[in-house]
Amino acid sequence: MTTEIHFEGRCVHPQAGETVLDALLRVGIDTPFSCKGGSCHTCMLHCTDGPIPEKAQRGLSERLRQLGYFLPCRCVTEHSLRIEPRQAKDMVTRCMLVEVDGHASGSLRIQFEPMTALDYRMGQSLRLVDGSAPEQEPLLMLTSDPATSPVAEARWVLQAGQTVPDSLAPSAEFGLEFEVRGPFNLDYQDLPEQRPAPPADPALWQALEDGRKARAILDAFYAKVYADTLLAPFFAGVTAERAASKQYNFLQQLMTGEKVYWGESPRNTHHWMVIPHSLFDHRQALMIETLREHGLDDGQIARWTRFEEYFRADIVKDHEWPKKIGDQIYSTEGFERETLLEATLCDQCGAEVSAGTEVLYHRRTGLISCPRCAGH
Ligand code: HEM
């Protein structure tokens, strides 16, 4: 009986004495590896069916052995196996704390050093291993770029009911250890459908003169936003008055708990906006500057920004997300052709386009191109 190694739709036959890793590489399967001697664990794979030789699991933790992980560089077998790449949910990395702050704002900035290699990209996420079911574990968003920062950095936006472990408490000191799972690609599906609002803070609203000062702050803030070369492009076609009013109602609802905001959820409003952490932080710095100019003290500033930080996970992303309403997902990127029911003006050249004409329109922006501008 020939030995068959099934891997991602391919079937490979190892030669006598050949390791599984060498067999995969021989036929051109691009699987990661480094030392090829069982030391670095870079090539570790997951076996879903078939007996794994004891030698191929030497050096792996009991947990990984039980899950079926093995080192293909140490695996010579005459039995057939079904194998697959490692699964992010099974990867747990022990980390050492460098520094943690932000407890007052509800958005923890955690600087840490993974104790074994953690292969990640900025924008991916980790889960903090805290003893709960893996899908319930707190989400940490990776904000550092491994190419340029010697220590890793992640954000943890605290959700209702989550408690911070001692290893990440305000008093936590350099060197404390904790474990993370992943990394995962953060996508809109990872966010809970309807995120509960953070607890209201009516005393803050009162300190903001029952909203009068909040309105003055927002007017001054959006004046800065519209003059800012990084932020202004997102607001093309939206008046500063609209932006400030919507934000006012949103904050009023968050701070007082009264239902006065009727706009979309932050996730859906910002669904098409590619906003990196650095831009979010830049906006936050402008907001803090404005709050200071209006006489808020550090405590009040932390209480205000806590509400904004809470929505970081709904807003920061490295590619546009579709809209999600209930279970329905709506893609708003791309174009459609539509026959006009009424005459209108072409958004490109300004010429009148008569009813019955087929035009090209962009699903999200709603801008149309007449047949001449659309090139047909
Ligand atoms: C860099 C960060 C951000 C950018 C570039 C941004 C951009 C925008 C833009 C362009 C709009 C107008 C959308 C429209 O009227 O069509 C908007 C609306 C809004 N934003 Fe943001 N935003 C950012 C951060 C935030 C934060 C931190 C919050 C919440 C705490 C927030 C809450 C809202 C709300 C509630 C609206 C109104 C939604 C509606 O019109 O229904 N935004 N944002």
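Remember, it's 1-based here, ligands and their atoms both numbered in the order they're listed.
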Next item on the list: Answer with side chain, backbone, both or neither: which part of Lys246 has a heavy atom less than 4.0 angstrom from an atom of ligand 1?
Entry: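 For Lys246, the contact with ligand 1 is made by the side chain alone.
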Notebook entry, point to check: Where on Met273 is there a heavy atom closer than 4.0 Å to ligand 1, on the side chain, on the backbone, on both, or on neither?
Noted result: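 Only the side chain of Met273 comes within reach of ligand 1.
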Notebook entry, point to check: Mind checking whether Tyr248 and Trp205 have ring centres under 6.0 Å apart?
Noted result: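 Close enough - the centres of the two rings lie under 6.0 Å apart.
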Checklist line | Tyr361/Phe335 aromatic ring centres below 6.0 Å | finding: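 Centroid separation for Tyr361 and Phe335: 6.0 Å or greater.
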At a 4.0 Å threshold, what atoms of ligand 1 neighbour a non-hydrogen atom of [X]?
X      : result
Ile275 : 1 (C), 3 (C), 4 (C), 5 (C)
Gly263 : 41 (O)
Phe250 : 29 (C), 30 (C), 35 (C)

[atom]: nearest protein contact (heavy atom, Å):
atom                    : result
atom 8 (C) of ligand 1  : Phe235 CZ, 3.4 Å
atom 26 (C) of ligand 1 : Ile315 CD1, 3.4 Å
atom 32 (C) of ligand 1 : Gln247 OE1, 3.3 Å
atom 13 (C) of ligand 1 : Thr269 CG2, 4.0 Å
atom 10 (C) of ligand 1 : Phe234 O, 3.1 Å
atom 17 (C) of ligand 1 : His270 NE2, 3.7 Å
atom 30 (C) of ligand 1 : Glu308 CA, 3.6 Å

Checklist line | Arg215 and Ser245: CA distance, side-chain angles, deciding distance, side-chain hydrogen bond (donor to acceptor under 3.5 Å, both in side chains) verdict | finding: CA-CA 8 Å; Arg215 181 65 212 213; Ser245 305; 3.2 Å; yes
Item checked: Min heavy-atom dist Tyr261 to ligand 1 below 4.0 Å ->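 Yes, Tyr261 has a heavy atom closer than 4.0 Å to ligand 1.
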Notebook entry, point to check: N/O to N/O below 3.5 Å, does that happen between Glu264 and ligand 1?
Noted result: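 Between Glu264 and ligand 1 (N or O atoms, distance only) the closest approach is under 3.5 Å.
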Next item on the list: Kindly confirm or rule out an N or O of Arg283 lying under 3.5 angstrom from an N or O of ligand 1.
Entry: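 It does not: no N or O of Arg283 is found under 3.5 Å from an N or O of ligand 1.
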Checklist line | Cation-pi geometry met for Lys317 and Trp321 (6.0 Å, 45°) | finding: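 Yes, Lys317 and Trp321 form such a contact.
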Notebook entry, point to check: Is it true that the NZ or CZ of Lys36 lies under 6.0 Å from the centre of Phe33's six-membered ring and within 45 degrees of the ring axis?
Noted result: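 Yes, a cation-pi geometry.
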Testing the 3.5 Å rule here: is there a donor-acceptor pair between the side chains of [X] and [Y]?
X      : Y      : value
Glu84  : Gln87  : yes
Ser149 : Glu153 : no
Gln348 : Ser369 : yes
Gln15  : His13  : no

Checklist line | The one among Glu309, His277, Arg242 that brings a heavy atom closest to atom 40 (O) of ligand 1 | finding: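 Closest candidate by heavy-atom distance is Arg242.
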Note to self: Testing Glu308, Arg306, Glu309, Gln284 one by one against Ser107 for a side-chain hydrogen bond (donor to acceptor under 3.5 Å, both in side chains), which residue passes?
What the structure shows: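 Output: one option passes, namely Glu309.
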